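Contents: one structure, followed by commentary.
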Amino acid sequence: VLISIILGLGITTILTGVAEFIKHPPSGSFYPPYGIWIVLVFVLHIQEWWESYSLKNIDTWKLPMFLFIILYPIALYILAHLLFPGDLRKGISTKSFYLDNYPRIFICAIIMDVLGIVHNIFITGLPVEDQAFQLVVLLTLSFMVISKNKNPTVHYIIAIVLIVIALVGLALDRVSLLRA
C-alpha cells in the first residue's frame, strides 16, 4: 500500500505539472526531449505500480528488503518533482529548463537504473548478462552527465530510445500475461 501511495504522489506531481503547463504555457515552443521525459517518467510510474503487484507473492518480508524495494518508488517520486520548475507562472523556456536541469534528472535516472539492476540480481535472480538494456542506459546517462553534453540531437535520441525501451518493456509484460 505504501508503494502505491508514493507512486500515486508521483503521478499526481506529473499530472499537476502538465495541468500547470496548460494553464500557464511556457515561453517559446515546447522542447520535445523534455516532453518525452515527462511521458517517460509517467510510464515508469505505471510500470512500477504494475510490477509492484507481483510483490504480493513474497511470503516473508524483512525490513531491509522492504526498505530497499521502496527506494525505487521514492526515486521515481523525486524524479517527477525534478521535471517541473517551482513556479510555472514565470513563463519558463522548457528547453533552457531541461538543459539546465538534465544532469539532476539523469543522476536520478542513474540511481533508479542501479536500483533496478540490484533488484533484478538479488530479488528476482536475473544474471547481469540478462540486463543489457539497463547497463546501456546506465553507461549512456553516466556519459551524458560526465560530458555535460547539451547537443539537442543527442538529447532527442536518448529521450526517444528510453521511452521506446519503457514502452517495449510494458508491451512484453502484457504479452507474457496473455500467454500465462
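In this text, all values refer to a predicted model and were calculated from it rather than measured experimentally. The first residue in the sequence is number 1, and the count goes up from there.
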Give a yes or no answer on whether the side chain of [X] reaches the backbone of [Y] with a donor-acceptor pair at less than 3.5 Å.
X	Y	answer
Y34	L83	yes
S52	W49	yes
H81	Y77	no

Out of curiosity, does [Y] fall in the hydrophobic cluster containing [X] (side-chain heavy atoms, cut-off under 4.5 Å, transitive links)?
X	Y	answer
F122	I117	yes
L135	I110	yes
V136	I165	no
W50	V39	yes
I121	V114	yes

Euclidean distance, [Y] [atom2] relative to [X] [atom1], rounded to 0.5 Å:
X	Y	atom1	atom2	result
I74	I6	CD1	CD1	4.5 Å
I70	L2	CD1	CG	3.5 Å
L40	H45	CG	NE2	11.0 Å
L71	F66	CG	CZ	10.0 Å
L9	L76	CG	CG	12.0 Å
L7	Y72	CG	OH	9.5 Å

Are there over 12 heavy-atom neighbours, none belonging to [X], within less than 6.0 Å of that residue's [atom1]?
X	atom1	answer
F68	CZ	yes
Y53	OH	no
F30	CZ	yes

Side chain proximity check, [X] to [Y], heavy atoms < 4.5 angstrom:
X	Y	result
F21	T94	yes
I69	W61	yes
Y102	K148	yes
I11	I46	yes
Q47	L44	yes

Heavy atoms only: give me the nearest [X]-[Y] pair and the separation to one decimal.
X	Y	result
S93	S27	N-OG, 3.5 Å
A159	I36	O-CG2, 3.3 Å
M65	T60	CE-O, 4.2 Å
A80	G10	CB-O, 3.8 Å
I78	C108	CG2-SG, 4.2 Å
Q131	L126	NE2-O, 3.5 Å

By side-chain contact (heavy atoms from CB on, under 4.5 Å), which residues pair with [X], not counting sequence neighbours?
X	result
A109	W37, L141
V154	M144, N149, N151, I158
S29	none

| query | Can you check side chain to side chain contact (heavy atoms under 4.5 Å, CB included) on K62 and L67, steps first, answer last? | reply | CA-CA 9 Å; K62 302 272 189 214; L67 292 175; over 6 Å; no

| request: Scan I38, I92, N101 and name whichever one has a side-chain contact (heavy atoms from CB on, under 4.5 Å) with F84. | output: I38

| Do Y31 and H155 have a side chain donor and acceptor closer than 3.5 Å? | no

